[in-house]
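Remember, it's 1-based here, ligands and their atoms both numbered in the order they're listed.
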Amino acid sequence: MNTVVLLSRDTLLLKQLQAAFARSAPQLTTVLADDPLARNAQIAACWFPLPGSLAALPNLQVIHSVAAGIDHLENDPSCPDLPVCRVVDPGHRQGMTEYVRWAVIHYHRGFDQVLEQQRQQHWERPLQRAAGQFKVGVMGLGSLGSAISQDLAASGYDVRGWARGSKALTGVQTFAGAQNLNPFLDGVEVLINLLPLTRETRGILGQSTFEQLANGAALVNCGRGGHLDIDDLEQALKRGKLRGALLDVFEQEPLPADHRLWTMPGVTITPHMASAASHDCIAEQVAENFRRLNADEPLLNCADRLLGY
Ligand SMILES: NC(=O)c1ccc[n+]([C@@H]2O[C@H](COP(=O)([O-])OP(=O)(O)OC[C@H]3O[C@@H](n4cnc5c(N)ncnc54)[C@H](OP(=O)(O)O)[C@@H]3O)[C@@H](O)[C@H]2O)c1
């Protein structure tokens with residue numbers, strides 16, 4: 001029997017995934033962790049699984065993240081050493097592209113400034129510049145960052161991107177490796193983070209990064225909350241080194257109601273909404289990897305657990 005167990009502490013997500021698997025992967029038996037059939041599961045589809053829940057599955061062969069990232073598995077030290085796959089949804093790219101377009105236009109055209117001015121009933125036209133004079137930096141040029149940087153370049157922005165390895169992307173000046181981080185950041189006016197959260201990238205959005213940017217730059221964090229040093233952000237906003245930050249992801253989600261980020265001047269919060277893989281796409285990709293597992297074919301979208309993405 002082809003059995004998938006759905007593991008998450010998010011009970012609403014579990015219900016939505018169960019419905020999607022029933023619709024889009026009816027050939028699979030899909031169960032939750034408390035079902036006795038879970039012991040038969042060969043694949044676990046996960047989003048922040050409870051610690052120990054993966055280690056309790058004796059027949060498990062593949063761990064499947066239901067997201068683009070795999071960092072949520074690192075919370076579980078007993079996570080078995082098995083292949084880890086992730087979901088790569090073209091709809092994911094579309095959603096993230098829309099979110100980042102809005103963010104870049106917001107800061108480029110000065111909507112942050114005029115929204116603040118309206119609160120003070122103050123009329124002042126912000127300085128307007130052509131997109132080609134506005135420098136945008138994209139950290140991470142994978143499935144999402146490569147599509148987004150090229151989309152911004154096609155809209156006329158002066159775009160540069162940074163990844164571990166070298167890339168060739170239409171209209172984008174690319175930089176590779178830690179030694180080229182500062183040249184990449186130099187003078188950037190909106191910095192967009194689309195890195196995975198790994199040992200190397202945790203805390204990368206901190207003072208030493210902010211210092212390289214243009215004065216009055218803005219930060220857009222669509223990666224993970226663990227990328228951001230909140231104390232350094234607060235200092236950079238207070239000093240005017242940064243004029244604003246649009247934050248979509250947080251170490252603790254939902255962001256607690258009394259968290260200081262909610263009221264930090266210059267910070268805009270969105271509730272991890274930049275993009276999400278569709279539930280049906282998740283079911284289809286897990287089902288395809290199940291077929292490949294049974295046929296002894298290479299799995300799709302495998303992550304490198306040592307690199308962490
Ligand atoms: N906010 C949201 O709603 C949302 C939605 C989806 C995803 N995300 C976040 O976005 C992240 C990226 O997704 P993706 O699908 O684009 O990931 P991906 O395809 O795995 O791409 C990751 C990119 O980051 C680069 N990278 C990794 N470690 C690096 C390092 N130490 N230095 C420089 N570059 C490094 C990689 O470089 P190479 O290409 O050279 O390997 C690659 O270009 C996810 O991990 C997740 O955290 C957020």
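With a heavy-atom cut-off of 4.0 Å, Thr198 does not touch ligand 1 at all. In Leu144, the parts holding a heavy atom less than 4.0 Å from any atom of ligand 1 are both the side chain and the backbone. The side chain of His272, and not its backbone, has at least one atom closer than 4.0 Å to an atom of ligand 1 (non-hydrogen atoms only; side chain from C-beta on). Of all the heavy atoms of Val249, the ones lying under 4.0 Å from any atom of ligand 1 belong exclusively to the side chain.
In summary, Arg291 and Glu297 engage in a salt bridge, as defined by a charged side-chain N under 4.0 Å from a carboxylate O. Salt bridge present: Glu251 and Arg202 bring a charged side-chain N and a carboxylate O closer than 4.0 Å.
Close approach of ligand 1 to Gly69 is summarised as follows: ligand atoms under 4.0 Å from at least one heavy atom of the residue are 45 (O). The distance from ligand 1 to the heavy atoms of Met96 drops below 4.0 Å at these ligand atoms: 1 (N), 2 (C), 4 (C), 5 (C), 48 (C). Close contacts of ligand 1 with Gly140, meaning ligand atoms under 4.0 Å from a residue heavy atom, involve 23 (C), 24 (O), 43 (O). Those atoms of ligand 1 with a heavy atom of Cys222 less than 4.0 angstrom away are 1 (N), 2 (C), 4 (C), 8 (N), 9 (C), 48 (C).
Of the protein's heavy atoms, Lys167 NZ, 2.6 Å lies nearest to atom 39 (O) of ligand 1. Protein heavy atom closest to atom 1 (N) of ligand 1, with residue, atom name and distance, is Asp248 OD2, 2.9 Å. Taking atom 21 (O) of ligand 1 as the reference point, the nearest protein heavy-atom neighbour is Gly142 CA, 3.1 Å. Nearest protein heavy-atom contact of atom 34 (N) of ligand 1 is Arg164 N, 3.1 Å.
Between the side chains of His106 and Asp112, no donor N or O sits under 3.5 Å from an acceptor N or O.
Counting non-hydrogen atoms of other residues, nucleotides and ligands closer than 6.0 Å to CZ of Arg260 gives a total above 12.
One option in Leu195, Leu194, Leu141 has a heavy atom closer to atom 26 (N) of ligand 1 than any other, and that option is Leu195. When Ala163, Pro196, Ala303 are checked for heavy-atom proximity to atom 24 (O) of ligand 1, Pro196 turns out nearest. The option with the heavy atom closest to atom 14 (P) of ligand 1, from among Arg86, His227, His92, is Arg86.
Under the 3.5 Å distance criterion, the side-chain polar atoms of Asn59 are left unmatched by any main-chain donor or acceptor of Gln42.
For Leu197, the closest heavy-atom approach to ligand 1 does not fall below 4.0 Å.
The aromatic rings of His72 and Trp47 sit tilted relative to each other, their planes meeting at an angle between 30° and 60°.
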Could you walk me through whether Glu74 and Arg199 pass salt bridge (Lys or Arg N to Asp or Glu O under 4.0 Å), step by step?
-> CA-CA 11 Å; Glu74 299 310 317; Arg199 276 187 299 276; over 6 Å; no

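The residue from Gln118, Gln120, Arg119, Glu124 that alone fulfils the side chain to side chain donor-acceptor pair (under 3.5 Å) condition with His122 is Glu124.
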